[in-house]
Amino acid sequence: MHRSYDGGGSAAFWVFFVSLCSWEVMYHIAKYSLKVCLDKHPNRILSSSLVKNATKDQGSNGHSNGDAQSSLDDAKHTLLQRGPSYIVSFVHSIYATGRGIMHLYNLYNAPGIEKLLIAGKEIQDGYRWAHLQVGETNTVFLSYLSYDLIHILLQYPKLGGVDTIIHHLLFASCSVINGTFGIMIFAFGWLVVGEGSTIFLNIRWFLLKSGRGESDIIGTINRLFAATFFLTRIGIYSVGVVHLFYYNLPELLSLPEKSGVPVPLLGMTCGCMLLGWALNILWGYKILGMVRGKKIKKKLQ
């Protein structure tokens, strides 16, 4: 990754290694913290109604034979088993969204080729710092995908199925290609800013699994998730696709010559971007269907 780092591939490797270890350490800290909180302060993690119902369900001998205690145990087990991964995902989504916004801001006014290619370190232009920042974010993003893929495989299929594994492998491959040849830097910004919707998706998961599926706040989180999804993954993403494949097309076609990226690898990267865009449109259609279904249900009640 000589284009993405002044220190070359060795610098990129160390950023990747340290980031990968950091995600794993964060996972174990989250797991330990959840265990302590669930053991000593269950009311702070789980909904008060879930805990109270389980307490009422206790027999005179201190043992439970009812559904309430079973629901409480299931909630604790789910949070302990999958909660740490969602906490790490929550932290990563905040980091990726913030960095994505920064990259879009820094490179918005850059010339066409400066939006697509990181020049070699021998060329110190006005966008060199912004380019290197994209390289760093890309490496951290790759480390997260690698960490998450390991945990998905270890806990398969609880954290994701075959589709999630394929998604991670494809985008990890694109991350390596783009980082190695220093390409698609502005596009990386509008891709990772889509993690903004993941922030609310993770919060929603926690609310549902902690027994707060009927609380007032879940409606607010659902609306925030839908709003950020359509803003980032459909709105900004669609504008980015049009900009890349229409307004930046001559510069895009010149990348094999200027960066050395093989045409098949460039095609793979472009294909994954278009596939991701199509999937976002499909998911957005499903979200709209769910929203319409809830509105109809409300009117009938």
Looking at [Y], is its backbone amide N or carbonyl O close enough to the side chain of [X] to form a donor-acceptor pair, meaning the two atoms are under 3.5 Å apart?
X: S197; Y: G194; answer: yes
X: S254; Y: E251; answer: yes
X: H131; Y: L107; answer: no
X: N280; Y: I234; answer: no
X: K115; Y: Y108; answer: yes
X: S146; Y: L142; answer: yes
X: T97; Y: I94; answer: no

Discussion item. Please determine whether side-chain contact (heavy atoms from CB on, under 4.5 Å) holds for the pair I118 and R128, giving the CA-CA distance in whole Å, both sets of side-chain angles, and the decisive distance to 0.1 Å.
Written reply: CA-CA 8 Å; I118 300 177; R128 179 65 181 169; 3.5 Å; yes
Item to complete: Might you work through the side-chain contact (heavy atoms from CB on, under 4.5 Å) test for V241 and M273, ending with a clear yes or no?
Response: CA-CA 8 Å; V241 167; M273 287 182 181; 5.8 Å; no
Within 6.0 Å of [atom1] in [X], more than 12 heavy atoms from elsewhere:
X: Y105; atom1: OH; result: no
X: Q155; atom1: CD; result: yes
X: D39; atom1: CG; result: yes

Would you say [X] and [Y] are hydrophobically clustered, going by side-chain heavy atoms of ILVMFWY under 4.5 Å?
X: M268; Y: L169; value: yes
X: F13; Y: V18; value: no
X: L274; Y: F186; value: yes
X: I236; Y: L279; value: yes
X: L253; Y: F181; value: yes

Reported [atom1]-to-[atom2] distance for the pair [X] and [Y], which is rounded to 0.5 angstrom:
X: K158; Y: I152; atom1: NZ; atom2: CD1; value: 14.0 Å
X: L153; Y: I150; atom1: CG; atom2: CD1; value: 8.0 Å
X: R223; Y: F200; atom1: CZ; atom2: CZ; value: 12.5 Å
X: I203; Y: L208; atom1: CD1; atom2: CG; value: 12.0 Å
X: R212; Y: F206; atom1: CZ; atom2: CZ; value: 5.5 Å
X: L265; Y: T180; atom1: CG; atom2: OG1; value: 9.0 Å

Nearest heavy-atom pair of [X] and [Y]: which atoms, and what distance?
X: S238; Y: W277; result: OG-NE1, 2.8 Å
X: L266; Y: L252; result: CD2-O, 3.8 Å
X: P250; Y: Y246; result: CD-O, 4.5 Å
X: C37; Y: I45; result: CB-CG1, 3.7 Å
X: A12; Y: T139; result: O-CG2, 3.5 Å
X: L288; Y: F230; result: CG-CZ, 3.7 Å

Worksheet item: Picking from I199, L224, N222, I217, what satisfies side-chain contact (heavy atoms from CB on, under 4.5 Å) with R204?
Response: N222
So do the side chains of [X] and [Y] get within less than 4.5 Å of each other, counting heavy atoms only?
X: D148; Y: W23; value: no
X: E195; Y: Y95; value: no
X: H103; Y: I185; value: no
X: I287; Y: F225; value: yes
X: R99; Y: E136; value: yes
X: V88; Y: Y144; value: yes
X: L79; Y: L46; value: yes
X: Y285; Y: I281; value: no

Fill in: Polar contact flag, side-chain donor to acceptor under 3.5 angstrom, R233-T198
yes
Discussion item. Between L116 and L244, does the side-chain contact (heavy atoms from CB on, under 4.5 Å) criterion hold? Intermediate values first, please.
Written reply: CA-CA 9 Å; L116 285 174; L244 177 64; 3.5 Å; yes
Discussion item. Could you go through L170 and I166, starting from their C-alpha distance and side-chain angles, then the distance that decides it, and tell me whether this counts as side-chain contact (heavy atoms from CB on, under 4.5 Å)?
Written reply: CA-CA 6 Å; L170 284 175; I166 293 172; 3.8 Å; yes
Worksheet item: With under 30° as parallel and over 60° as perpendicular, where do the rings of H151 and Y147 fit, or are they tilted in between?
Response: tilted
Worksheet item: With under 30° as parallel and over 60° as perpendicular, where do the rings of F188 and F141 fit, or are they tilted in between?
Response: perpendicular
